[in-house]
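All residue numbers in this chain count up from 1 along the given sequence. When reading the values below, keep in mind they use all heavy atoms of this one structure, side chains included, and skip hydrogens, waters and symmetry mates. Just follow the structure's listing: the first ligand is 1, and inside any ligand the first atom is 1.
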Amino acid sequence: MNADRPANYGESSHGLRGDYRRMRPDYTVEQDYGAYTAAQQDRWHRLYRRQIELVPGRACSEYEAALRSLDYAAGIPRFGVVNRQLGAATGWRLVAVPGLVPDLVFFEHLANRRFPVTVWIREESEFDYIVEPDLFHDFFGHVPMLFDPVFADYMQAYGKGGLKAERLGSLKWLARLYWYTVEFGLIRTPGDVRCYGAGILSSPAEIDYAVRSPKPRRVAFDLKRVMRSLYRIDAFQETYFVIESFDQLFQATRPDFAPLYRELATLPELPANAVLPEDHLVS
Ligand code: PHE
Ligand code: CO
């Protein structure tokens, strides 16, 4: 960012939220750390303190371990600091972006072990709930999972799979896999079911609902079932898919998806609250 023209991490006047004025062709920007206001730093502290209380017993152990190693209590994270830790752990690197980026740009970053993180933080009115990914969602929800070697490899494979799905016109099916794993995934552990999905981990209410409430259905992960399932973006999930391990997820998604996409084109979609006789319920 130019020093003479400070970054704008507040309201924007155009449709896409965020400051897209001075980005590189790959949509990356520099984090202008000094542009965060005291109110924004304070908001980070309050978001962090509320959410960290909810992690024990609800998030998977891989997530918890990584979160503990991150100095998020100090304030809005600096990309450079987190990148030194993350690079040493799994070779992933965070890149700052103005907000949502086009699908192909996103996949290209993932395929090269770069995770795009939004530079702006939500407004006070969005403290409890936000529709778009902001800096808190990305740092708190996604970044700790990138410290797990198997999950890190899965994310890269997903990026490569995204570039391929785009060529095959099959993105809608692959997007559901992202939704039900990376954003809203649950994992079975010896004692109970825990979350690893970033959309759950960064949500003050859904993190408890996802693993404790009797309301949602928790269905054993099945790749084809996941890809057929529509999802809701405006409410808590009605169905979660539960993996046994990150290795199971990685292995299940290893095969060439091209034949699967051809089969999916012949099958009806399933509503978000679908009940299938073959569903295997967990817990
Ligand atoms: N195996 C998938 C394909 O052929 C690639 C992929 C891997 C997609 C992991 C998502 C997650 O397209
Ligand atoms: Co996300």
So, are [X] and [Y] salt-bridged, with charged N and O less than 4.0 Å apart?
X	Y	result
R188	E244	yes
K215	E238	no
R58	E53	no
K224	D222	no
E64	R68	yes

Exercise for the section: Quick one: look at R254 and ligand 1, take heavy-atom pairs under 4.0 Å, and tell me if it's side chain, backbone, both or neither. Expected result: backbone
Handout entry: Nearest non-hydrogen protein atom, atom 10 (C) of ligand 1
Key = Y158 CD1, 3.5 Å
Exercise for the section: Of all N, O or S atoms in H137, identify the one at the shortest distance from the Co ion (ligand 2). Expected result: NE2
Practice task
State the atom name: nearest N, O or S atom of E183 to the Co ion (ligand 2).
Solution key: OE2
Handout entry: Residue D256 vicinity, atoms of ligand 1 by number, heavy atom under 4.0 Å
Key = 4 (O)
Nitrogen or oxygen atoms of [X] and ligand 1 under 3.5 Å apart:
X	value
T253	yes
F257	yes
K164	yes

Practice task
Go through the side-chain N and O atoms of Q31 and Y36 and say whether any donor and acceptor fall under 3.5 Å apart.
Solution key: yes
Exercise for the section: Return yes when at least one N/O/S atom of D138 is nearer than 2.8 Å to the Co ion (ligand 2), and no when none is. Expected result: no
Exercise for the section: Between G161, P259, P255, flag the one that comes closest to atom 1 (N) of ligand 1 by a heavy atom. Expected result: P255
Exercise for the section: Decide whether a cation-pi geometry holds between R17 and W120; the criteria are a distance under 6.0 Å from NZ or CZ to the six-membered ring centre and an angle within 45° of the ring axis. Expected result: yes
